[in-house]
Amino acid sequence: MTESPSLGIVVVGASGDLAQKKVIPALFSLYCQDYLPAHFRLYGMARSPFGHESFRKRISENLTCRYMPDAPSCAGRMESFLSRCFYSQGQYDSTDSFLDLYQMMRQEEGRSPVNRIFYMAIPPSVFLDVARALGDSGLVACDDEEVWSRIVVEKPFGRDRQSSDELVGEMQKVFTEEMTYRIDHYLGKEIVQDLMVLRFANLVFEPLWNREYIESVRIILSEPIGVGQRGGYFDGFGIIRDVMQNHLLQILALLAMERPAKYTAGAVRDAKVQLLRQVVPVSLEDLVAGQYVASESGLQQGYLAEHSVPPDSRTPTYAAAVLKVQNPRWAGVPFLLEAGKGLDRKLNEVRIRFRGVPSGWFGDKRVALDANELVIRIQPDEAITLNIMNKVPGLGLDLVRTELNLRYQAAFNITIPEAYECLLLDVLKGDRNLFIRADELEAAWDIFTPVLKDLESKHIVPQPYPFGSRGPAAARDLACRHGLSETV
Ligand SMILES: NC(=O)c1ccc[n+]([C@@H]2O[C@H](COP(=O)([O-])OP(=O)(O)OC[C@H]3O[C@@H](n4cnc5c(N)ncnc54)[C@H](OP(=O)(O)O)[C@@H]3O)[C@@H](O)[C@H]2O)c1
């Protein structure tokens, strides 16, 4: 009988924030729930000087038993997880470093068959170096071998259509498209996955899900913090590349796509690509770019004073863009995407506003009839709310806007899995449904590349807005021009 393969997970950039705070804790959580094979091992690789023990100590600082914190087995689980973690110091562009890693892995694994996941928790500037060195070291199993290799790549996937195509092409020399899992952690969020269920498992929404009944869609990602220590990274990308071209556009695609033929990775991604290709590339007229300045109290500094940000930077920290989908379902419906840092609140939500009912039928009422709105709050405190008009209980006929409210925590009373946990489990199972395919990436870049180029070539100065405010006033004008009332 052939031995079933064990699993080796290589985290490249294991010293970094993403690896330490998200990826490794998510793997620990999967381990605690028995989702990892008994013989899995985790190999950290980075330039920082760690030994196995100091690496384990570093990891342990961020591990918690989220699912059973009081269980006596928790400490034991942590110990056994850590005993499976190893570290190899090296340089990202050095084949020798990856050969050293390979040798260490072989010492631990012997000659038994091993499936491998390579997690690229590194800045995009070193993606290609690592992919080439991995390929040259012979660590990557070919497709036709009895074991598999999969690579997980973090956004940003390039800076525009051209650089993204180049990156994809070069990476594919080592990892085929089938081996590649381009992660957008927003797609791992419970409520984002629920969008498809909400749309396609409930009869009530589908007949209304079109231009006849929906007036506008707004997708908001508002952060009350600035760029902090990540100014150097952020300044090279800006808010449109950082969250709009990926997270918000993915949400739009799930909301607006046609029903996929089946719930399979191929069909869902086909439907998303089809939709993204029907989105008109954003123009400067339909975009407001902003940059935060010091707060009115003076307590919070402006973007230009942040660590590693050039004093003359024109990088937007806020953007509002109206997207138009050219197809029979959505023609004329504005999709307003808004994202910003240094705003007045932490909020990520989708607001689907339905058209109003004809007024006057109830006579001269004190409260104007308000249109229905379906609000899907992704964070904080996941919830789905339907705003409806209701009669105020009591004598007479007074109307009031009320909420049908599904709050996840109260309704399900479970520990909601972290996005990385869910997505890493999918990588392990080979389920690519929630990962970005190359043609999807192309279509997403085609929507934003022209306006990104215009912003740069025309030296557009972003509109200033005070830290802690609701963003630039021009964004509210943009929303009004397209028939939407408020902004973030
Ligand atoms: N943090 C998040 O929550 C998050 C979310 C979404 C996407 N991402 C993406 O995930 C990747 C990793 O994120 P991160 O926050 O962990 O980044 P990070 O902490 O800045 O970098 C990860 C590791 O890469 C190495 N590194 C840093 N700068 C480098 C450089 N200029 N050249 C070569 N190596 C360098 C460092 O390790 P050594 O010095 O030890 O080699 C560092 O510990 C990035 O592509 C980021 O955009 C992160």
Side-chain angles (χ1 to χ4, degrees), residues 10-27 43-52 54-55 58-59 61-62 86-94 97-98 100-101 117-134 151-159 163-164 167-168 171 180-189 192 221 223 225-250 306-308 315 339 341 346 348 378-379 418-424 427 434-436 441:
V10 178
V11 181
V12 186
S15 54
D17 237 43
L18 179 74
Q20 292 291 333
K21 296 195 178 141
K22 299 284 182 192
V23 178
I24 299 176
L27 289 168
Y43 305 98
M45 193 272 183
R47 300 171 305 181
S48 300
F50 286 106
H52 298 319
S54 52
F55 180 57
R58 174 79 190 273
I59 292 175
E61 289 161 15
N62 291 298
F86 304 89
Y87 185 80
S88 179
Q89 183 186 1
Q91 298 298 320
Y92 299 121
D93 60 354
S94 157
S97 294
F98 285 91
D100 291 345
L101 170 69
I117 295 174
F118 299 96
Y119 200 112
M120 307 279 254
I122 40 175
S125 54
V126 287
F127 281 178
L128 277 183
D129 286 342
V130 170
R132 288 179 186 135
L134 275 170
I151 186 164
V152 185
V153 190
E154 276 283 347
K155 60 122 204 183
F157 314 116
R159 297 192 78 253
S163 56
S164 166
L167 182 64
V168 169
M171 295 283 290
T180 304
Y181 291 69
R182 294 181 196 89
I183 200 165
D184 182 329
H185 71 273
Y186 260 69
L187 293 182
K189 289 184 184 285
V192 175
L221 176 51
E223 291 181 85
I225 51 171
V227 294
Q229 291 304 303
R230 297 180 67 83
Y233 157 79
F234 184 87
D235 200 68
F237 289 89
I239 198 80
I240 299 173
R241 293 183 177 96
D242 196 39
V243 298
M244 204 173 252
Q245 179 271 350
N246 35 60
H247 304 332
L248 300 197
L249 202 53
Q250 282 295 323
E306 297 279 20
H307 179 66
S308 302
T315 299
K341 291 189 179 287
K346 180 176 171 65
N348 185 193
I378 299 162
Q379 64 184 26
E418 289 283 334
Y420 278 96
E421 221 172 298
C422 161
L423 293 170
L424 278 163
V427 176
L434 299 176
F435 297 84
I436 316 294
L441 191 56

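Read the numbers this way: they start at 1 and go in the same order the structure lists the ligands and their atoms.
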### Message
Looking only at the side chains, is there a donor atom on one of Asp100 and Ser88 sitting less than 3.5 Å from an acceptor on the other?
### Response
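The answer is no; no qualifying pair exists.
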
### Query
Taking only residues two or more places apart in sequence or in another chain, which ones pass ring-ring contact (aromatic ring centres under 6.0 Å, His included) with Phe127?
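ring-ring contact (aromatic ring centres under 6.0 Å, His included) list for Phe127, sorted by chain: empty.
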
### Any N/O pair Ala121/ligand 1 closer than 3.5 Å
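In this structure, Ala121 places no N or O atom under 3.5 Å from an N or O of ligand 1.
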
### Query
Is there any N or O on Leu18 that sits under 3.5 Å from an N or O of ligand 1?
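There is such a contact, yes.
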
Heavy-atom proximity to [atom], best of [options]:
atom: atom 24 (O) of ligand 1; options: Ser48, Pro123, Gly44; result: Pro123
atom: atom 19 (O) of ligand 1; options: Val12, Val243, Val130, Asp17; result: Asp17
atom: atom 41 (O) of ligand 1; options: Tyr92, Tyr119, Tyr233, Phe50; result: Tyr92

For [atom], the protein heavy atom that lies nearest, with its residue and separation:
atom: atom 9 (C) of ligand 1; value: Lys155 O, 3.5 Å
atom: atom 11 (C) of ligand 1; value: Ile122 O, 3.3 Å
atom: atom 33 (C) of ligand 1; value: Arg47 NH1, 3.4 Å

### Task
Answer yes or no for Arg230 and Tyr233: cation-pi contact, defined as NZ/CZ to six-membered ring centre under 6.0 Å and angle to ring axis within 45°.
yes

### Query
Are any non-hydrogen side-chain atoms of Leu187 and Phe435 less than 4.5 angstrom apart?
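No, too far: nothing below the 4.5 Å cut-off.
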
### Query
So, does Gln20 sit close enough to ligand 1 that a heavy atom of it is under 4.0 Å from the ligand?
no

### Task
Could you tell me if any non-hydrogen atom of Pro156 lies under 4.0 Å from any atom of ligand 1?
yes

Applying a 4.0 Å heavy-atom criterion (strictly less than), which segment of [X] is in contact with ligand 1: side chain, backbone, both, or neither?
X: Ser15; result: both
X: Arg230; result: side chain
X: Glu154; result: side chain

### Query
In terms of atom number and element, which parts of ligand 1 are under 4.0 angstrom from non-hydrogen atoms of Ala46?
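Under 4.0 Å from Ala46, ligand 1 has these atoms: 40 (O), 41 (O).
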
Donor-acceptor pair, distance only, cut-off 3.5 Å: does the side chain of [X] make one with the backbone of [Y]?
X: Asn246; Y: Arg241; value: yes
X: Thr315; Y: Asp235; value: yes
X: Tyr87; Y: Ala46; value: yes
X: Arg159; Y: Gly236; value: yes
X: Glu223; Y: Lys346; value: no

### Query
Does atom 26 (N) of ligand 1 have any protein heavy atom closer than 4.0 Å?
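Yes, because at least one protein heavy atom sits under 4.0 Å from atom 26 (N) of ligand 1.
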
### Query
Is any heavy atom of the protein nearer than 4.0 Å to atom 31 (N) of ligand 1?
no

### Task
Could you tell me whether Asp242 and Lys155 have a side-chain N and a carboxylate O separated by less than 4.0 Å?
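Salt bridge flag = yes for Lys155 with Asp242.
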
